Number of protein chains: 2
Amino acid sequence: MINLNDCNKYKKILAEKGLKNTGYRNILLKILEESRTPLTVEEIYIKMKKQNSAVSLSTVYRSMETMWEKKLAAKTTIMNDGKARYEFNTMEHKHHLICLGCSKIVDISGCPFKDYEKNITGETGFDVRGHNLEMYGYCPACQK
Amino acid sequence: MINLNDCNKYKKILAEKGLKNTGYRNILLKILEESRTPLTVEEIYIKMKKQNSAVSLSTVYRSMETMWEKKLAAKTTIMNDGKARYEFNTMEHKHHLICLGCSKIVDISGCPFKDYEKNITGETGFDVRGHNLEMYGYCPACQK
DNA sequence: ATGCAAATGCAAACTATTCGCATTTAAAAG
DNA sequence: CTTTTAAATGCGAATAGTTTGCATTTGCAT
């Protein structure tokens with residue numbers, strides 16, 4: 001079994017979506033994949049800069065838009081701070097837990113909704129295609 | 001039983017929150033309460049204008065911020081269009097159903113979460129204080 | 001190697017929202 | 001009812017996040 005390194009891994013992902021394999025996109029995807037929480041565009045931009053990338057902010061905006069269109073990244077607007085956040089799209093259905101104290105965001109897997117969606121369809125006639133759930137509270141550290 | 005008219009009704013609500021009873025706020029609360037869907041600030045502004053109100057946009061922004069602080073209105077950032085939306089706060093816990101076709105937003109009451117929140121607390125240690133759920137799909141009219 | 005469409009940089013434009021400050025007004029106090 | 005005062009409002013300018021136009025560069029198919 002060949003163990004592809006990151007470079008080839010992302011190259012393959014990009015090729016499958018008809019996107020060009022650029023250095024910026026490789027760094028960007030790596031940052032996204034390694035992050036445990038959704039990132040704002042500026043956070044991604046800063047992380048790229050730290051890796052000696054001379055990328056411009058508008059390229060990051062454009063790239064994230066592209067990643068989202070091609071479903072390589074998920075986009076959310078949690079928290080009322082007016083900033084969009086992105087995370088690597090694992091295709092796994094997940095939700096977020098957001099700390100009201102320190103704003104930490106934690107992914108939680110598992111979802112109790114299969115049946116509920118059917119109920120809603122029955123009650124409203126909507127053809128439910130998906131949902132978004134965010135839970136707010138205080139993380140262990142902020143409960144002091 | 002005395003049947004209070006709208007004017008007195010909103011006057012009372014505002015007084016309870018320590019807010020002045022202005023004409024704009026009465027119109028604003030009436031618009032909010034009569035809307036079946038969350039409204040953007042601009043939508044509220046336009047509706048106020050139609051009712052011969054000479055209110056300025058910044059006043060609407062400030063008023064909605066105040067209504068939110070005083071918990072007279074709920075604020076959401078559903079849909080990735082970068083606009084905040086407000087709705088009259090009925091104090092009833094509810095969620096939204098958003099049509100992917102026509103962007104119509106429908107409120108749904110009822111919530112299947114009491115137990116799930118406890119599970120999350122057990123798994124993550126988070127003290128869960130609330131949540132936000134939006135469901136996406138196609139309304140009956142858009143399923144054609 | 002060559003050509004073209006895609007990707008990028010840069011600055012300007014845009015959009016939603018906030019803010020400073022002068023003016024008005026609701027409502028408490030007299 | 002008048003005075004007083006803090007809250008509410010209007011207006012324009014300022015911000016912040018994001019998008020866009022255009023010239024330049026760069027993958028990658030030929």
Side-chain angles (χ1 to χ4, degrees), chain A residues 7-8 10-29 31 38-49 51-70 72-73 75-86 103, chain B residues 7-8 10-29 31 38-49 51-70 72-73 75-86 103:
Chain A
C7 180
N8 284 329
Y10 297 127
K11 178 173 181 177
K12 187 159 176 271
I13 291 176
L14 291 168
E16 283 168 357
K17 298 293 183 176
L19 299 175
K20 286 186 179 174
N21 176 44
T22 70
Y24 292 158
R25 285 177 175 169
N26 277 272
I27 296 177
L28 195 157
L29 286 172
I31 287 171
L39 300 172
T40 64
V41 170
E42 195 173 12
E43 286 166 346
I44 295 168
Y45 173 69
I46 291 170
K47 282 175 186 286
M48 289 181 79
K49 285 283 187 184
Q51 301 193 21
N52 298 317
S53 168
V55 73
S56 76
L57 187 56
S58 55
T59 294
V60 184
Y61 271 105
R62 265 189 280 233
S63 293
M64 291 319 303
E65 171 79 7
T66 303
M67 296 299 162
W68 177 73
E69 283 172 358
K70 298 295 186 179
L72 291 179
K75 182 179 184 179
T76 49
T77 337
I78 41 184
M79 329 241 309
N80 284 343
D81 67 356
K83 295 176 192 169
R85 284 176 169 75
Y86 294 90
S103 297
Chain B
C7 180
N8 283 329
Y10 296 127
K11 179 174 180 176
K12 187 159 176 272
I13 289 176
L14 291 167
E16 282 168 357
K17 297 294 184 176
L19 299 175
K20 286 186 178 174
N21 176 43
T22 69
Y24 292 158
R25 284 176 176 170
N26 276 272
I27 296 177
L28 195 156
L29 285 173
I31 287 170
L39 300 172
T40 63
V41 171
E42 194 173 12
E43 285 167 346
I44 295 169
Y45 173 69
I46 290 171
K47 282 175 186 288
M48 290 180 78
K49 285 283 186 183
Q51 302 192 21
N52 298 317
S53 167
V55 73
S56 77
L57 187 56
S58 54
T59 294
V60 184
Y61 269 105
R62 265 189 281 233
S63 294
M64 292 319 303
E65 170 78 7
T66 303
M67 298 299 163
W68 177 72
E69 283 172 358
K70 299 296 186 179
L72 292 179
K75 182 179 183 180
T76 50
T77 338
I78 43 184
M79 329 238 313
N80 283 343
D81 66 357
K83 296 178 192 170
R85 284 176 169 76
Y86 294 90
S103 296

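Proteins get letters first, then strands, A, B, ... in listed order; numbering begins at 1 in each. If you're wondering where the values come from, they're calculated on a predicted model, not measured in any experiment.
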Euclidean distance, atom CD1 of residue B:Ile44 to atom P of C:dT17 [Å, nearest integer]
10 Å
Could you measure the distance from the OG atom of A:Ser58 to the CD atom of A:Glu65? Nearest 0.5 Å is fine.
13.0 Å
How many whole angstroms separate atom CD of B:Glu65 from atom P of C:dA16?
18 Å
From CG of A:Asp81 over to C1' of C:dA16, roughly how many Å is that when rounded to an integer?
14 Å
Between D:dT9, C:dT8, D:dT18, spot the one nearest the side chain of A:Ser63, thanks.
C:dT8
Mind calculating the distance between NZ (A:Lys17) and C1' (C:dA7) to the nearest angstrom?
19 Å
Whole-Å gap separating P (D:dA7) and CD (B:Glu69)
13 Å
To the closest 0.5 Å, what do you measure between NZ (A:Lys49) and CG (A:Leu57)?
9.0 Å
Show me the donor-acceptor pairs within less than 3.5 Å that the side chains of residues 39-47 of chain B make with the rest of the protein, sequence neighbours left out.
unit_1	atom_1	unit_2	atom_2	d
B:Thr40	OG1	B:Glu43	N	3.1
B:Thr40	OG1	B:Glu43	OE1	3.4
B:Glu43	OE1	B:Thr40	N	2.8

Nearest-Å distance for atom pair CE/C1', residues A:Met64 and D:dT19:
16 Å
Atom pairs under 3.5 Å: protein N/O with N/O of nucleotides 26-29 of chain D:
unit_1	atom_1	unit_2	atom_2	d
D:dG27	N3	A:Lys20	NZ	3.3
D:dC28	OP1	A:Asn21	N	2.8

Can you find a pair of side-chain heavy atoms, one from A:Leu28 and one from A:Met64, that are under 4.5 Å apart?
yes
Out of D:dT18, C:dT8, C:dT18, minimum distance to the side chain of A:Arg25 belongs to C:dT8
In Å and rounded to the nearest 0.5 Å, what is the CD to CG distance from A:Gln51 to A:Asn26?
11.5 Å
Grab the OH-C1' distance between B:Tyr24 and C:dA26 for me, whole Å please.
14 Å
Quantify the bending of the helix from C:dA1-D:dT30 to C:dG30-D:dC1 as the angle between its end axes, each fitted on five pairs, to 10°.
30°
Regarding B:Thr66, tell me which of base, sugar-phosphate or nothing describes its non-hydrogen contacts under 4.0 Å with the strands shown.
nothing
According to the salt bridge (Lys or Arg N to Asp or Glu O under 4.0 Å) rule, which pairs have a member within residues 13-26 of chain A, sequence neighbours left out?
A:Lys12-A:Glu16
Rounded to the nearest 0.5 Å, what separation is found between the CG atom of B:Leu19 and the CD atom of B:Glu69?
9.5 Å
Hey, can you pull the residues of residues 53-62 of chain B with a non-hydrogen atom under 4.0 angstrom from DNA chain C?
B:Ser58, B:Tyr61, B:Arg62
Starting from C1' on D:dT9, measure out to CG on B:Leu14 and report it in whole angstrom.
15 Å
Rounded to the nearest 0.5 Å, what separates atom OG in A:Ser56 from atom CZ in A:Arg62?
7.0 Å
Please list, chain by chain and in numerical order, all residues satisfying side chain to side chain contact (heavy atoms under 4.5 Å, CB included) with B:Ser53, sequence neighbours excluded.
B:Tyr24, B:Ile27, B:Met48, B:Val55
